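The structure under discussion appears below in the form of structure tokens.
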2 protein chains.
Amino acid sequence: MKSESILIEDCSQTVLAINDTMEILGGKWKVLIIACLCYQSMRYSELLKKVQGISGKMLSRELKELEVNGLIERNVLATSPVSVAYKITEYGKSLKQLTQTIAEWGLQHRARILKGMRQEKV
Amino acid sequence: MKSESILIEDCSQTVLAINDTMEILGGKWKVLIIACLCYQSMRYSELLKKVQGISGKMLSRELKELEVNGLIERNVLATSPVSVAYKITEYGKSLKQLTQTIAEWGLQHRARILKGMRQEKV
DNA sequence: CAGGATCCGGATTGATACTG
DNA sequence: CAGTATCAATCCGGATCCTG
């Protein structure tokens, strides 16, 4: 019941809210793509390298969905063979905190694993 | 190499870190389950109701994985027909921030949609 | 280079029935 | 109540080929 950040007090509300987010960011790749684009705009081929393991098909599919949802912007550049730059929108930037939180937890988790999981304070 | 909050400066590092998190929280349900259990311990049947849409099979499977990863704890209660209480562990609580961030974004997103998406500041 | 179309195997998940 | 087992449908996603 804090004010500040909207903090939801009800569990059911939280479930609904999380589902909403999931609908947009669900799947295996969207968060990764957003995270990358939060660092800098990239072209298709660059993303293909950065987002480890994604296939071309998946990448274009996910990019399209993100674009539809207004999280990223697509710009075709009139270069020699044609290149396409993807950049995050202002709205998309609202996800930066989220991606960072996820990444940070991942780091901490890894650190914990490497430490051999000592001090299990369960 | 900052101290404080580990803030990752490299995009590739972020991708790896996010993948680590995904391995633990991937799928459609784990975040929801964790979020619920962050509010209070619950029994199987309670979770089944709270986590809208999940099937019994999925619920028990996900719970098992979360338990293996040390995020939740399972306690069989010697009640009449037998009930099982699930509670979050200390380690699991480290995900609370994450679930809240996700939920808050979902709320904001919904608010934005309802507003008819005015002021598209793209 | 960007990305659509197609084919296809494997992973996910739901329904249902069953157990302790 | 808290699961497990089985079957079947679906979806995910990779490989490959093709276009502009």
Side-chain angles (χ1 to χ4, degrees), chain A residues 11 15 18-19 21-37 40-69 71-89, chain B residues 15-16 18-19 21-37 40-69 71-89:
Chain A
C11 171
V15 169
I18 291 179
N19 275 328
T21 303
M22 296 297 215
E23 253 171 66
I24 309 296
L25 293 183
K28 200 163 145 188
W29 306 111
K30 297 211 185 69
V31 174
L32 289 171
I33 295 173
I34 292 288
C36 281
L37 293 179
Q40 55 180 301
S41 298
M42 275 184 226
R43 286 177 310 134
Y44 181 82
S45 52
E46 293 175 308
L47 278 169
L48 213 46
K49 283 176 221 150
K50 281 293 183 188
V51 184
Q52 296 274 345
I54 196 171
S55 69
K57 182 173 75 171
M58 277 303 112
L59 182 55
S60 46
R61 183 185 299 180
E62 305 286 75
L63 285 170
K64 201 175 298 175
E65 291 181 29
L66 291 173
E67 194 193 356
V68 166
N69 283 308
L71 297 171
I72 65 174
E73 214 180 285
R74 198 183 102 111
N75 284 94
V76 180
L77 308 178
T79 53
S80 34
V82 158
S83 60
V84 180
Y86 291 94
K87 65 172 290 200
I88 196 145
T89 61
Chain B
V15 169
L16 293 178
I18 291 178
N19 275 327
T21 303
M22 296 297 215
E23 255 170 63
I24 309 297
L25 292 184
K28 200 164 145 188
W29 306 111
K30 298 212 184 67
V31 174
L32 289 171
I33 295 172
I34 292 288
C36 282
L37 293 179
Q40 55 179 303
S41 298
M42 275 183 226
R43 288 177 310 135
Y44 181 83
S45 51
E46 293 175 309
L47 278 168
L48 213 45
K49 282 176 222 149
K50 282 291 183 188
V51 183
Q52 296 274 347
I54 196 170
S55 69
K57 182 172 74 172
M58 277 302 109
L59 180 56
S60 46
R61 182 184 299 178
E62 304 287 75
L63 285 170
K64 203 174 297 174
E65 291 181 29
L66 291 173
E67 193 193 357
V68 166
N69 283 310
L71 297 170
I72 64 173
E73 215 179 283
R74 198 183 101 110
N75 284 96
V76 180
L77 308 178
T79 52
S80 33
V82 158
S83 60
V84 180
Y86 290 95
K87 66 174 288 203
I88 197 145
T89 62

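A note on names: the letters A, B, ... follow the listed sequences, proteins ahead of strands, and every chain is numbered from 1. Everything quoted here is computed from the prediction, not taken from an experiment.
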Point to revise | Non-hydrogen atoms of B:T89 and B:I72 that approach each other most closely | key: CG2-C, 3.6 Å
Check your understanding: Does A:T79 put a side-chain nitrogen or oxygen below 4.0 Å from OP1 or OP2 of C:dC1?
Key -> no
Point to revise | Integer-rounded Å distance: D:dG13 C1' and A:I33 CD1 | key: 13 Å
Interface polar pairs with nucleotides 14-16 of chain C, N/O, under 3.5 angstrom:
from: C:dG14; atom 1: OP2; to: B:S55; atom 2: OG; distance (Å): 3.1
from: C:dG14; atom 1: N7; to: B:K57; atom 2: NZ; distance (Å): 2.9
from: C:dG14; atom 1: O6; to: B:K57; atom 2: NZ; distance (Å): 2.1

Review point. Is the shortest side-chain N/O distance from B:S45 to OP1 or OP2 of D:dA2 below 4.0 Å?
Key: yes
Review point. Which pair of heavy atoms, one from B:L47 and one from B:Y86, lies closest together, and at what distance?
Key: CD1-CD1, 4.2 Å
Point to revise | Atom of A:L32, atom of B:V15 and distance for their closest heavy-atom approach | key: CD2-O, 3.6 Å
Point to revise | Within residues 62-69 of chain B, residues whose heavy atoms come under 4.0 Å of DNA chain C | key: none
Review point. Which distance, rounded to the nearest 0.5 Å, do you find between the OG of B:S55 and the CD of B:E62?
Key: 9.0 Å
**Study point:** Nearest-0.5 Å distance, CG of residue B:N19 to CH2 of residue A:W29
**Key:** 7.0 Å
Check your understanding: Taking CD from A:Q52 and P from D:dG13, how many angstroms apart are they, rounded to a whole number?
Key -> 16 Å
Review point. Which value, rounded to the nearest 0.5 Å, describes the distance between B:K30 atom NZ and B:E65 atom CD?
Key: 4.0 Å
**Study point:** Straight-line distance of A:K49 NZ to A:C36 SG, nearest 0.5 Å
**Key:** 12.5 Å
Point to revise | Separation of C:dT13 C1' from B:L59 CG (nearest whole Å) | key: 13 Å
**Study point:** B:Y86 side chain, from C-beta outward: closest of D:dA2, D:dG3, C:dT13
**Key:** D:dG3
Practice item. For A:Y44 and C:dG4, give me the distance from atom OH to atom C1', rounded to whole Å. Key: 9 Å
Point to revise | Nearest-0.5 Å distance that lies between atom OG in A:S83 and atom CD in A:E46 | key: 9.0 Å
Exercise for review: State the CG-CD distance between A:L37 and A:E73, to the nearest 0.5 angstrom.
Suggested key: 11.0 Å
**Study point:** Interatomic distance where CE belongs to B:M22 and C1' belongs to C:dT12 [whole Å]
**Key:** 17 Å
Practice item. Go through D:dG13, C:dC1, D:dA2 for me and flag the one nearest to the B:R43 side chain. Key: D:dA2
Check your understanding: From D:dG13, C:dG4, C:dA2, pick the nucleotide closest to the side chain of A:R61?
Key -> D:dG13
